[in-house]
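Read through the structure below, which is laid out as structure tokens, and then see the notes.
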Amino acid sequence: MTKKDIINLLETIATYMELSLENPFKVSAYRKAAAAIERDPRALSEIEDFSEMKGIGKGVNDVITEYVETGRSSILDDLKETVPVSLVQMLKLPTLGPKKIAKLHKELGVVTLEGLKAECVAGNVSELSGFGKKTEDNISKAIDELLTRPETYPIEKIQTFRKIIEASLDEITGIDRYDIAGSARRYKEMSKDLDFIVQTTDAHSVAEALVNLPFVKDVVARGERKLSVVIAHDLDQIGVDIRFVTAEAYHTTLHHFTGSKEHNVKMRQIAKSRGEKVSEYGVEKEGELLTFESESDFFSHFDLPYIAPTMRETGEETDIEVSDIVTLDDIRGDLHMHTVYSDGAHSVREMVEACIDKGYDYMIITDHSKSLRVANGLDEDRLWQQIEEIKKIRPEYPGIDIYTGTEMDILKDGSLDFSEDMLKELDYVIAAIHSSFQQTEDEIMHRLRSACENPYVRHIAHPTGRLIGGRAGYAVDFEKLIQMSKDTRTVMEVNANPRRLDLSSSVIRNSGLMLTVNTDAHHTQHLEFMEYGTATLQKGLIEKHQVINTFSREDFREWVKKGK
DNA sequence: GCCGTTTTCGGCCCGACTGTTTTCAGTCG
């Protein structure tokens, strides 16, 4: 039993209640309770009384207590008696909500997606009051799409879509300015769709230009202020919402459609408590509509510091001190990158010059070690050769500290790819798992422990091995890993590659870990991935002092020299 | 179901758009 199990239980109950047309505020109470538990930094064993949390009262506390003690929930069991599990799936169909689903279930007896599809084809859905031919077609189409199209896309793909759309927005006349909004602006790991805010005085013709773009496959909604389309690229399709806005409302609209939903709710509650009202058009105060020159101004109206989009998630970001949260500008060096010695695309010298262009004070060359043959890992001889090369070119680049290093494999049995005699010759050692991902949690944790306990290993790269929207990664016990990291003073990496973002923001949040954020660049262009890494740190509400590559040149030099 | 310097009832964030309706319910973000 973990906190996650309790959160899942409360959210499942909320969904089932929604489908049984329970009071929406009651449904919302269960969701808020789940969110309160998720926000709480304590482990399950440390929580004595759930009802002390704001948002959890006697009712939900009883549900949790029953579940913790018996592993069951009578409320959920009762709900499952009346609501078929497959109705939950129907909530994923756009345009279908609990009320319509309940009606379809009650009137037509549908319990599965296939059954609903059949009723659409037979024309029975359009016979129901409140339903028409168009609704029937939309449901039918949505079922087909649900079965063929992924629900969400990983951040890397989202950014590809983003660039395609932005290239077109740059070309359309009548657009005064635009910005990405929504979860993509918040650098969420997975997003369902893309949102853009477009400032224009001629929404009609801009919308017309947009719907005629060659990659626009479908127009879902088209009003005066909003356009929803589906775009296609390669084999992927994704929804795009575009809001048309005047100059005055630009920043409040951008804020509104950046979300998250929870953040917006929180902002509106804050406004309401002051007798004001927030909408995308501005802040209504004593009958007057205030607008702002920037999002910063909007926040400061509520006596809040600027809260970066990446942090706008749960609503708690308005309650905490955000001024110490790490930003991209705080990063002074990149501690994990590859060269042509292993599987990188550039020479040591090219990587050095690229890091100088980034304005870094220090960098570490960390090619793969010998066991990683697919990546042309370095044996001792070639590593020595690289050490000599780095020593030789250092005097040419006084503006940056170039450290020697390795990304050493942690082998299947927990042994390390280089001996301590070799490691002591390096300035900096990273350890990482690149093989035998299918091992048990005990075996994986044994390998990680062995690396952490080595006196020369300073940080663990991409600690879970996951790929976002791809493979899950190997079996890591996070509680143990965090303790291990602290006990051995071994830093954990947030790998900034947008396919990885490993550790993830949810793992580092409230962890108290010492971290480092690195691009793992295999190409000079990959050094730009740092923005994804710092976005992940911000989502984890990580402060500057927790990230070793925010250290000044001198402090970092000292930190490297001192060792563990 | 939760909450309370309007405190044990009556609120709970706000607006756009669609489709079906003929003034608005449902859904979405």
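Order of the sequence lines fixes the chain letters, A, B, ..., with proteins taken first and strands second; residue numbering starts at 1 for each chain.
Listed candidates were B:dG1, B:dA16, B:dG4. Nearest to the side chain of A:F25 is B:dG1. Listed candidates were B:dC17, B:dG29, B:dG26. Nearest to the side chain of A:D241 is B:dG29. Distance from the side chain of A:K26 is smallest to B:dG1 among B:dT27, B:dA16, B:dG1. Residue A:V60 places its side chain closer to B:dG1 than to any other of B:dG29, B:dG1, B:dG26. Checking B:dC3, B:dC12, B:dT18 against the side-chain heavy atoms of A:A221 singles out B:dT18 as nearest. Nearest to the side chain of A:S279, among B:dG26, B:dC14, B:dA16, sits B:dC14. Closest to the A:T135 side chain, of the nucleotides B:dC14, B:dT20, B:dT18, is B:dT20. Distances were taken from every side-chain heavy atom of A:K226 (C-beta onward) to each of B:dG29, B:dG1, B:dA16; the shortest belongs to B:dA16. Among the nucleotides B:dC12, B:dG15, B:dC2, the one closest to any side-chain atom of A:A29 is B:dC2.
Atom P of nucleotide B:dC28 and atom CZ of A:R243 are separated by 14 Å, given to the nearest angstrom. When rounded to the nearest whole Å, the span between CD1 of A:I139 and P of B:dC28 equals 11 Å. Taking atom CZ of residue A:R225 and atom P of nucleotide B:dC14, one finds them 18 Å apart after rounding to whole Å. Whole-Å rounding puts the A:Y281 OH to B:dA16 C1' distance at 7 Å. Note: CG (A:L79) to P (B:dG1) measures 11 Å, nearest angstrom. What separates CG of A:N23 from C1' of B:dC12 is a distance of 10 Å, to the nearest Å. In this entry the distance linking CD1 of A:I75 with C1' of B:dG1 reads 10 Å, nearest Å. When the P atom of B:dC14 is taken as reference, atom CG of A:L289 falls 14 Å away, rounded to whole Å.
Between B:dG26 and B:dT21, the distance separating the two P atoms is 13 Å to the nearest Å. Rounded to a whole angstrom, the distance from the P atom of B:dC14 to that of B:dT20 is 30 Å. A distance of about 24 Å separates the P atoms of B:dC17 and B:dC12, rounded to the whole Å. The C1' atoms of B:dG11 and B:dT6 are separated by 11 Å, rounded to the nearest whole Å.
For B:dT8, there is no paired base (Watson-Crick or G-U wobble, both distances below 3.5 Å).
Within the nucleic acid shown, A:P98 comes within 4.0 Å of sugar-phosphate atoms alone, with no base atom in reach, counting heavy atoms only. Nucleic acid contact class of A:V278 (heavy atoms, under 4.0 Å, all strands): sugar-phosphate only. Residue A:K266 is classed as having no contact, given no heavy-atom separation below 4.0 Å to the nucleic acid. Within 4.0 Å (heavy atoms only), A:L93 reaches sugar-phosphate atoms of the nucleic acid but no base atom. Within 4.0 Å of A:K134, counting heavy atoms only, lie sugar-phosphate atoms of the nucleic acid but no base atom. Across all strands, A:N138 comes closer than 4.0 Å only to sugar-phosphate atoms, never to a base (heavy-atom distances). Looking at heavy-atom distances under 4.0 Å, A:F257 makes no contact with the nucleic acid at all. A:K103 comes within contact range of no nucleotide atom at all, as no heavy-atom separation falls under 4.0 Å.
A:F298 and A:H255 have tilted rings, their planes meeting at an angle from 30° to 60° on a 0 to 90° scale.
Map A:K277 and A:H256 each onto its nearest nucleotide of DNA chain B; the residue landing nearer the 5' end is A:K277. Comparing A:N264 and A:R222, the nucleotide of DNA chain B nearest to each residue sits closer to the 5' end for A:N264.
In the model, A:T318 has a side-chain atom that pairs as donor or acceptor with a side-chain atom of A:K266 under 3.5 Å. Between the side chains of A:D330 and A:T327, at least one donor-acceptor pair of N or O atoms lies under 3.5 Å.
Applying the 4.0 Å criterion to OP1 and OP2 of B:dC12, one finds that A:K272 has a side-chain N or O inside that range. Distances shorter than 4.0 Å separate none of the side-chain N or O atoms of A:Y30 from OP1 or OP2 on B:dC2.
Taking the side chain as every heavy atom from C-beta outward, A:I180 and A:F196 approach each other to under 4.5 Å.
Residue pairs meeting the salt bridge (Lys or Arg N to Asp or Glu O under 4.0 Å) criterion with at least one member in residues 183-193 of chain A, sequence neighbours excluded: A:R185-A:E295, A:R186-A:E313, A:E189-A:R466.
Atom NZ of residue A:K217 and atom CD1 of residue A:I238 lie 15.0 Å apart, to the nearest 0.5 angstrom. The CD atom of A:E293 lies 6.5 Å from the NE2 atom of A:H251; values are rounded to the nearest 0.5 Å.
Of the listed residues (A:E11, A:E38, A:E18), just one forms a salt bridge (charged side-chain N to carboxylate O under 4.0 Å, His left out) with A:R31, and that residue is A:E18.
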